[in-house]
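Okay, so here's the structure we're looking at.
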Amino acid sequence: MALERTFSIIKPDATRRNLTGKIVAKFEEAGLRVVASKRIQMTLAQAQVFYGVHSERPFFGELCDFMISEPVVVQVLEGESAIAKNREVMGATNPADAAAGTIRADFAESVGENSVHGSDAPETAAEEIAFFFSGLELVG
């Protein structure tokens with residue numbers, strides 16, 4: 001297996017409750033390494049572009065409003081099969097369906113406020129990383 005990078009967001013519901021360290025610890029315990037991280041206040045314009053794939057869905061406005069409601073932590077995770085590992089550590093989108101010990105099972109408040117976002121494919125990871133980080137911010 002090869003080293004891979006993926007993108008992760010610790011969402012407003014988690015930063016509001018001061019869970020950043022606990023969430024990062026779960027990634028690290030799973031063998032993922034944080035190679036870039038920053039806490040930002042996402043703008044409405046950023047949220048609308050980042051979540052543009054959902055722009056025709058009825059929850060789009062609510063999603064964007066949520067993502068700008070509090071700071072978020074955007075980060076790049078690296079490890080063997082990082083995309084699949086990140087999604088495993090996050091757990092199912094619906095916390096009621098998430099396996100015990102996953103981030104969403106432990107910390108999510110609802111389907112919408114589910115504490116984390118993670119890339120779903122190598123192409124998506126590359127696009128999402130480039131959206132928030134320059135090459136100079138990615139250290140190995």
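Note that the structure is a prediction, hence the values are computed from the model and not measured. Throughout, numbering of the chain's residues begins at 1 and tracks the sequence.
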Validation row: [X], [Y] side chains within 4.5 angstrom (heavy atoms):
| X | Y | answer |
| --- | --- | --- |
| R33 | L77 | no |
| I10 | L19 | no |
| H117 | K11 | yes |
| V89 | T102 | no |
| F131 | V49 | yes |

Checking [X] side chain against [Y] main chain: does a donor-acceptor pair fall under 3.5 Å?
| X | Y | result |
| --- | --- | --- |
| S119 | T6 | no |
| R5 | A125 | no |
| E4 | I83 | yes |
| N94 | V111 | no |

| Do V73 and V76 share a hydrophobic cluster (ILVMFWY, side-chain heavy atoms under 4.5 Å, transitive)? |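 No; tracing contacts between hydrophobic side chains, which count when under 4.5 Å, never links both residues.
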| In terms of hydrophobic clusters joined by side-chain contacts under 4.5 Å, are V34 and I23 together? |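 Per the 4.5 Å side-chain linkage, V34 and I23 are co-clustered.
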| Should the pair K26-D106 be classified as a salt bridge under the 4.0 Å nitrogen-to-oxygen rule? |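 Salt bridge: yes.
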| If every non-hydrogen atom of A47 is compared with every non-hydrogen atom of M67, which pair is closest and at what distance? |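 Scanning both residues, the minimum pair turns out to be CB-CB, 4.5 Å.
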| task | State, to 0.1 Å, how close A100 and A105 come at their nearest heavy-atom pair, and which atoms those are. | result |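 Reported closest heavy-atom pair: CA-CB, 4.3 Å.
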| field | Working for side-chain contact (heavy atoms from CB on, under 4.5 Å), residues V116 and F107 | value | CA-CA 9 Å; V116 285; F107 304 125; over 6 Å; no
| Candidate pair F132 and M42, rule side-chain contact (heavy atoms from CB on, under 4.5 Å), full reasoning | CA-CA 10 Å; F132 286 103; M42 197 181 294; 3.7 Å; yes
| task | Establish, for the pair K38 and F133, whether the NZ or CZ atom is under 6.0 angstrom from the six-membered ring centre and no further than 45 degrees off its axis. | result |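 Ring-cation test returns yes.
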| Taking the inter-plane angle between the rings of F59 and H54 on a 0 to 90° scale, is it parallel (under 30°), tilted (30 to 60°) or perpendicular (over 60°)? |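 If you compare the ring of F59 with that of H54, the planes turn out tilted.
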| task | Evaluate the ring planes of F50 and F7, with Trp represented by its six-membered ring, and classify them as parallel (under 30°), tilted (30 to 60°) or perpendicular (over 60°). | result |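 Tilted: the ring planes of F50 and F7 meet at 30° to 60°.
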| request: With salt bridge (Lys or Arg N to Asp or Glu O under 4.0 Å) as the test, would you mind laying out the steps for R17 and E113 before giving the verdict? | output: CA-CA 12 Å; R17 293 178 291 143; E113 295 188 9; over 6 Å; no
| query | Are there more than 12 heavy atoms of other residues, nucleotides or ligands under 6.0 Å from atom CD of E28? | reply |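 Enclosed: over 12 neighbouring heavy atoms sit under 6.0 Å from CD of E28.
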| task | Starting from the C-alpha separation in whole Å, work towards a yes-or-no answer on side-chain contact (heavy atoms from CB on, under 4.5 Å) for Q75 and V24. | result | CA-CA 10 Å; Q75 54 191 359; V24 170; 3.8 Å; yes
| request: Decide yes or no on side-chain contact (heavy atoms from CB on, under 4.5 Å) for T15 and T20, but give the supporting numbers first. | output: CA-CA 6 Å; T15 62; T20 302; 4.0 Å; yes
